[in-house]
Amino acid sequence: MAESETGERNEAESKAVTSLFASFQEYLSSDQEIREEIRTVTRELEQSAREILAVLQAVHQTPNPEVVKRICDKSRHMFSTVKSQYKNLMEKIPVGQYYRFCDHWRFVSQRFAFLGAFILYLESERLITRQELAEMLGVQVDRSTSDGFHIDLDDFLTGLLLLANELSRFAVNSVTAADYGRPFRIAAFVAELDAGFRLLNLKNDSLRKKFDGLKYDLKKIEEVVYDLTIRGLKPASAVTETT
């Protein structure tokens, strides 16, 4: 009788363990399915980012304001697709689990922060806000709800640092295109950006390393400005602004 009870108990324990691990497998399978769906949408976002960047690269070839405006208009129009892709991504995220999966789209969000900032700079030569970026992407500014899909501040700041790097290249190409006034305006803008970042006590190692690169971007732009000045190519408008 005792042996029979022991056998039944062992069998029950075995079934309990099997059931427990079956539930684990179900959870893992569900998690893997969610991650695969997220990766699929993320790849679509990455492709959109590459396409928008390809369009924006044309500004390096000409300083013509009309051409730059057409490029910006086309790029903004392409963001309508990005909005729908982010909406699709939001629908894949289980309620309250934003930070569990956010590493999947962190890089591409940084790229879009850069692209949005570059477009706005080309349009009005000013710094984009998180609110303006969020509107371009169709997401929230902050995590105002438990499942709020938003732009992390670190990702937004990383995008601004990528902008500074792009502007250092733009300053050089502006000189090649005989647009001698633009490097001076870029220098003033990036200097203000650098001053703003210096007000932050950055703890994020990745962001801190990117911020360290800002001084090299600023130095590169300042060298362009210096060369233009000593060659007597500093526009009168730039002289007036600095006096």
- [ ] May I have the step-by-step check of salt bridge (charged side-chain N to carboxylate O under 4.0 Å, His left out) for R182 and E125, ending in yes or no?
- [x] CA-CA 10 Å; R182 189 180 293 276; E125 296 191 359; 3.8 Å; yes
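- Note that OG1 of T40 is 9.5 Å distant from CG of N88, once rounded to the nearest 0.5 Å.
- At a threshold of 4.0 Å, the pair E46-R43 does not count as salt-bridged, since none of the basic side-chain nitrogens sits closer than that to a carboxylate oxygen.
- Note: the hydrophobic cluster containing Y216 does not contain F170 (ILVMFWY, side chain heavy atoms under 4.5 Å, direct or indirect links).
- Side-chain heavy atoms closer than 4.5 Å link hydrophobic residues (I, L, V, M, F, W, Y) into clusters, and following such links, possibly through other members, connects V190 to L122.
- Other residues, nucleotides and ligands contribute only 12 or fewer heavy atoms inside 6.0 Å of the CD atom of E66.
- With no hydrogens or angles considered, a side-chain donor-acceptor pair links S109 and Y86 at under 3.5 Å.
- Shown here for T81 and S48, the closest heavy-atom pair between the two residues is CG2-OG, 4.3 Å.
- Residues E132 and T129 have side chains that bring a donor and an acceptor to within less than 3.5 angstrom of each other.
- Results of the side chain to side chain contact (heavy atoms under 4.5 Å, CB included) test with D179 over P65, S174, P235 single out S174 as the only residue that passes.
- Salt-bridge annotation for K83 and E135: absent, with no side-chain N of the basic residue lying under 4.0 Å from a carboxylate O of the acidic one.
- You'll find the side chain of K69 stays beyond 4.5 Å of the side chain of N64, heavy atoms only.
- Side-chain atoms of I128 and L160, non-hydrogen and from C-beta on, do get closer than 4.5 Å to each other.
- Q140 and R130 form no side-chain donor-acceptor contact under 3.5 Å, judged by distance and modelled atom types alone.
- The pair E223-K220 does not count as a salt bridge, with every side-chain nitrogen at least 4.0 angstrom from each carboxylate oxygen.
- With respect to S206, the side chain to side chain donor-acceptor pair (under 3.5 Å) criterion is satisfied by exactly one of R208, K209, K210: K210.
- Taking every heavy atom of both residues into account, S75 and L56 meet most closely at OG-CD2, 3.3 Å.
- F189 and L200 end up in the same hydrophobic cluster when Ile, Leu, Val, Met, Phe, Trp and Tyr side chains are linked at under 4.5 Å.
- Counting only distance, with no hydrogens or angles, the side chain of T62 and the backbone of A58 share no donor-acceptor pair below 3.5 Å.
- A single hydrophobic cluster is seen to contain both M90 and V108, as judged by linkage of ILVMFWY side chains at heavy-atom distances under 4.5 Å, directly or through other members.
- Without hydrogens or angle criteria, S124 side chain to Y121 main chain gives no donor-acceptor distance under 3.5 Å.
- Results of the side chain to side chain contact (heavy atoms under 4.5 Å, CB included) test with F112 over I151, V139, L137 single out L137 as the only residue that passes.
- In this structure, the side chains of L228 and P183 come closer than 4.5 Å at one or more pairs of heavy atoms.
- At a threshold of 4.5 Å between non-hydrogen side-chain atoms, the residues F118 and V59 count as touching.
- Note on Y226: it does not cluster hydrophobically with V224, by side-chain heavy-atom contacts below 4.5 Å among ILVMFWY residues.
- The existence of a salt bridge linking R106 and D152 is confirmed by a sub-4.0 Å separation between a basic side-chain nitrogen and an acidic carboxylate oxygen.
- Proximity of L120 to R76: side-chain heavy atoms (C-beta onward) are separated by under 4.5 Å at one or more points.
- In this structure, the side chains of D155 and F107 stay at 4.5 Å or more apart for every pair of heavy atoms.
- Ring orientation note: the planes of F197 and F211 are close to parallel, at an angle under 30° on the 30°/60° scale.
- For the pair R198 and E192, the salt-bridge criterion is not met [side-chain N within less than 4.0 Å of a carboxylate O].
- Using a 3.5 Å distance cut-off with no hydrogens or angles, the side chains of R50 and Q47 do pair a donor with an acceptor.
- Residues H60 and E166 have side chains in contact (heavy-atom distance under 4.5 Å, counting atoms from C-beta outward).
- Side-chain contact between L161 and D217: absent, with no pair of heavy atoms (C-beta onward) separated by less than 4.5 Å.
- Separation of the F149 and W105 ring centroids falls under the 6.0 Å cut-off.
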